[in-house]
Amino acid sequence: MTNVKGRIHSVESFGALDGPGIRYVLFMQGCPLRCLFCHNPDSWHMEEGKEIGSQEVLQDILRYRNFISRGGVTLSGGEPLMQPDFAASILEGCRENGLHTALDTSGAVSLLYCRQAVEGADMLLLDMKAAEDDLFRRITGRGMDNTLDILNHCENIHKRVWIRHVLVPGLTLQKEQLHKLGKLLKPYRCIERVELLPFHKMGE
């Protein structure tokens with residue numbers, strides 16, 4: 001694997017909520033969205049966090065190999081696709097070492113920019129902020145086109161996807177919105193699971 005420099009926010013070495021099994025979760029720095037309920041705004045800005053090489057990250061991951069052998073590695077954030085070459089290099093190193101990988105992403109980055117990283121992961125945990133563009137923009141400050149492009153690409157290449165959707169009072173915790181989300185997602189055969197997540201009180 002090529003050693004690519006990137007910036008990380010933090011690491012959770014024994015994660016149980018970010019994909020199947022026990023996982024090493026790498027929170028990467030930088031996010032293009034400004035979600036109203038974000039509980040981790042210190043991950044937004046690319047110039048913050050710790051600079052590190054992808055080979056150094058992999059060395060740290062392999063220290064936990066025995067614990068994550070039946071789980072794997074999840075790249076989260078922030079938004080991991082903001083650093084697509086860094087993410088792709090880590091994913092490649094994990095694959096070479098037989099570790100399952102997941103990208104925990106909002107899909108907010110253009111597929112033209114991050115295709116290699118998306119295709120390099122074994123699965124995506126796709127955070128679908130809303131079912132309609134207007135509400136998506138209200139929540140995040142941006143539209144949902146990139147998210148749908150990535151989901152459609154996963155459908156075309158048969159990439160496993162778990163959808164994650166946060167239920168926020170006054171925004172997405174509405175019966176009408178959940179029905180719209182169901183209609184939006186129903187045609188996709190790549191989606192294995194939909195997780196409805198409670199609003200994180202830190203987000204207030």
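Across I139 and A130, no two heavy atoms sit closer than the pair CD1-CB, 4.2 Å. The minimum heavy-atom distance between S54 and I90, with the atom names listed, is CB-CG1, 3.8 Å. Of all heavy-atom pairs spanning G78 and S43, the tightest one is N-OG, 3.1 Å. Looking at every heavy atom in both residues, T172 comes nearest to Q177 through O-CB, 4.1 Å. Scanning all heavy atoms of the two residues, the minimum distance from A16 to I22 falls at CB-CD1, 4.1 Å. Considering all non-hydrogen atoms of both residues, C38 and W44 come closest at SG-NE1, 3.5 Å.
Tracing side-chain contacts under 4.5 Å through hydrophobic residues (I, L, V, M, F, W, Y), one never reaches L33 starting from F37; they form parts of separate clusters. No continuous path of ILVMFWY side-chain contacts below 4.5 Å connects W162 to L151, so the two sit in separate hydrophobic clusters. Under a hydrophobic-cluster definition in which Ile, Leu, Val, Met, Phe, Trp and Tyr are linked whenever side-chain heavy atoms come within less than 4.5 Å, directly or via other members, Y64 and V25 are assigned to different clusters. One hydrophobic cluster, built from ILVMFWY side chains closer than 4.5 Å, holds both Y113 and M46. Under the 4.5 Å side-chain contact rule for hydrophobic residues, L91 and I52 share a cluster.
With respect to R137 and D133, a salt bridge is recorded, a charged nitrogen being found less than 4.0 Å from a carboxylate O.
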Point to revise | Working for side-chain contact (heavy atoms from CB on, under 4.5 Å), residues T105 and L124 | key: CA-CA 7 Å; T105 174; L124 265 66; 4.0 Å; yes
Check your understanding: Stepwise, does the side-chain contact (heavy atoms from CB on, under 4.5 Å) test hold for L126 with I191?
Key -> CA-CA 10 Å; L126 187 61; I191 297 174; over 6 Å; no
Review point. Is there a side-chain contact (heavy atoms from CB on, under 4.5 Å) between E195 and L125 once you walk through the steps?
Key: CA-CA 10 Å; E195 297 181 331; L125 311 177; 6.0 Å; no
Exercise for review: Could you walk me through whether Y188 and N152 pass the side-chain contact (heavy atoms from CB on, under 4.5 Å) test, one step at a time?
Suggested key: CA-CA 8 Å; Y188 291 94; N152 287 329; 2.6 Å; yes
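A heavy-atom distance below 4.5 Å is found between the side chains of L99 and L62. No side-chain heavy atom of E12 sits less than 4.5 Å from a side-chain heavy atom of S76. At a threshold of 4.5 Å between non-hydrogen side-chain atoms, the residues R63 and D60 count as touching. Using a 4.5 Å heavy-atom threshold, the side chains of L26 and V11 count as touching. Side-chain atoms of V4 and Q83, non-hydrogen and from C-beta on, never get closer than 4.5 Å to each other. In this structure, the side chains of L197 and D127 stay at 4.5 Å or more apart for every pair of heavy atoms. No side-chain heavy atom of P84 sits under 4.5 Å from any side-chain heavy atom of V109.
For the pairing with S106, the side chain to side chain donor-acceptor pair (under 3.5 Å) check across R164, K129, E79, R142 returns one residue only, E79.
Put simply, the side chain of T74 never gets that close to the backbone of G19: no donor and acceptor are under 3.5 Å apart. Checking side-chain atoms of T147 against main-chain N and O of M128 turns up no donor-acceptor pair under 3.5 Å. Using a distance-only test at 3.5 Å, with no hydrogens or angles considered, no donor-acceptor pair links the side chain of Q29 to the main chain of E47. A side-chain donor-acceptor contact under 3.5 Å links S110 to the backbone of L112. Looking at K159, its side chain does come within 3.5 Å of a backbone N or O of E119 through a donor-acceptor pair.
Heavy atoms from other residues, nucleotides or ligands lying under 6.0 Å from CD of Q116 number 12 at most. Enclosure of atom CZ in R34 by more than 12 non-hydrogen atoms of other residues, nucleotides or ligands within 6.0 angstrom is indicated. Summarising the local packing, CG of N156 is surrounded by more than 12 heavy atoms from other residues, nucleotides or ligands at distances under 6.0 Å. The environment of CG in L196 is crowded: more than 12 heavy-atom neighbours from other residues, nucleotides or ligands sit within 6.0 Å.
Distance check: R115 CZ to I157 CD1 gives 8.5 Å after rounding to the nearest 0.5 Å. Put simply, CG on L111 and CG on D149 are 6.5 Å apart, with the number rounded to the nearest 0.5 Å. Distance CD1/I163 to CZ/R193: 12.5 Å, rounded to 0.5 Å. With rounding to the nearest 0.5 Å, the separation of CD in Q174 from CG in L181 is 12.5 Å. In this structure, K180 NZ and K183 NZ are separated by 8.5 Å, a value rounded to the nearest 0.5 Å. Annotation: the span from I68 atom CD1 to C94 atom SG amounts to 7.0 Å, rounded to 0.5 Å.
A side-chain donor-acceptor contact under 3.5 Å links D122 and T101. R23 and H100 share a donor-acceptor pair across their side chains, judged by distance under 3.5 Å alone.
In this view, P187 satisfies the side-chain contact (heavy atoms from CB on, under 4.5 Å) rule with no residue, not counting sequence neighbours. For the ring pair (Phe, Tyr, Trp, His ring centres under 6.0 Å) test, no residue two or more places apart in sequence or in another chain qualifies with F86.
Between F67 and F14, the two ring planes are perpendicular [angle over 60°; tilted spans 30° to 60°].
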